[in-house]
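Inspection log for the structure reproduced underneath, given as structure tokens.
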Amino acid sequence: MNISLLFLGIFFVVGVDVGTNIVAPKMLIERCAYAVQDAGYASSVYFVCRTAGAFIGTMFLTRISGVTYFRINIIAAIASIVLLFSAGLAPLIMCAVGLIGFFCSSIFSIIYSEALKTNPEKGNEISGLMIMGVFGGAVIPPAMGLCADAIGNQCGSLIIISACLLYLGYCALRLKAKA
């Protein structure tokens, strides 16, 4: 397995995490005319669902392979972003945001562990490299802003998040599932 593929996986999953948290309130403001103070609840929904996903993911990961779980969850996350593109009602936006948080909650740890498995004797170096990928959370949001400004609405942000999720889908397909 190519370590750069997994490094970019970390980069993009952190970008999805930070980006979704940023765009969620903006979607409520833009599409549902929420006040700024009320739109912040979307971030809370995101993190509650993300926390629930991490706990439930822990249980599933004891029963099925991480790669299989990654594949199932990334497909569901991609379906959730498609829902977010078309959602115009607050409950649908909140649901889609929560689902993205839920389905992406365990992906970081799966990619990280797969990277460590590629070359266990170089674990410290690989660990350091993977953690450097966290800077995706600093790169993806400005790209979202540029795209949103170019398009004129938050669909631009969703395009960037979708591109990240599609890369993660590619990454999931490239990983070898173990029984």
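Below, all heavy atoms of this structure are taken into account, side chains as well, without hydrogens, waters or symmetry copies. Numbers here are sequence positions counted from 1.
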Would [X] end up clustered with [Y] when hydrophobic side chains under 4.5 Å apart are linked, directly or stepwise?
| X | Y | value |
| --- | --- | --- |
| Ile110 | Met59 | yes |
| Leu84 | Leu89 | no |
| Phe12 | Ile3 | yes |
| Leu158 | Leu83 | no |
| Ile64 | Leu175 | yes |

Take a 6.0 Å sphere around CZ of Phe7 and say whether it holds more than 12 heavy atoms from other residues, nucleotides or ligands. yes
Verify the neighbour count for atom CZ of Phe47: are there more than 12 heavy atoms of other residues, nucleotides or ligands below 6.0 Å? yes
Heavy-atom distance under 4.5 Å between the side chains of [X] and [Y], does that happen here?
| X | Y | result |
| --- | --- | --- |
| Leu28 | Asp38 | no |
| Ile81 | Thr20 | no |
| Ile159 | Ile151 | yes |

Kindly compute the distance separating [atom1] ([X]) from [atom2] ([Y]), expressed to the nearest 0.5 Å.
| X | Y | atom1 | atom2 | value |
| --- | --- | --- | --- | --- |
| Leu168 | Leu8 | CG | CG | 10.0 Å |
| Tyr170 | Ile74 | OH | CD1 | 14.5 Å |
| Ser109 | Leu61 | OG | CG | 6.5 Å |
| Asp17 | Cys164 | CG | SG | 11.5 Å |
| Leu146 | Ile160 | CG | CD1 | 8.5 Å |
| Ile75 | Leu165 | CD1 | CG | 12.0 Å |

Please name all residues satisfying side chain to side chain contact (heavy atoms under 4.5 Å, CB included) with [X], sequence neighbours left out, ordered by chain then number.
| X | result |
| --- | --- |
| Asp149 | none |
| Phe11 | Phe135, Val139, Ile140 |
| Glu30 | Asn153, Gln154 |
| Leu166 | Ile78 |

Indicate the atoms forming the closest heavy-atom contact of [X] with [Y], along with that distance.
| X | Y | value |
| --- | --- | --- |
| Val23 | Ser157 | CG2-CB, 3.6 Å |
| Ala115 | Leu6 | CA-CD1, 3.4 Å |
| Arg31 | Cys155 | NH2-SG, 3.4 Å |

Residues 90-108, side-chain donor-acceptor partners within the protein, below 3.5 Å, at least two apart:
| from | atom 1 | to | atom 2 | distance (Å) |
| --- | --- | --- | --- | --- |
| Ser105 | OG | Gly53 | O | 3.3 |
| Ser105 | OG | Ala54 | N | 3.2 |
| Ser105 | OG | Phe102 | O | 2.8 |

Could you go through residues 120-134 and list every donor-acceptor pair under 3.5 Å that involves a side-chain atom there, pairing it with any protein atom two or more places apart or in another chain?
| from | atom 1 | to | atom 2 | distance (Å) |
| --- | --- | --- | --- | --- |
| Ser127 | OG | Tyr112 | OH | 2.3 |

Check: Arg71 side chain, Ala172 main-chain N or O, donor-acceptor pair, under 3.5 Å: yes
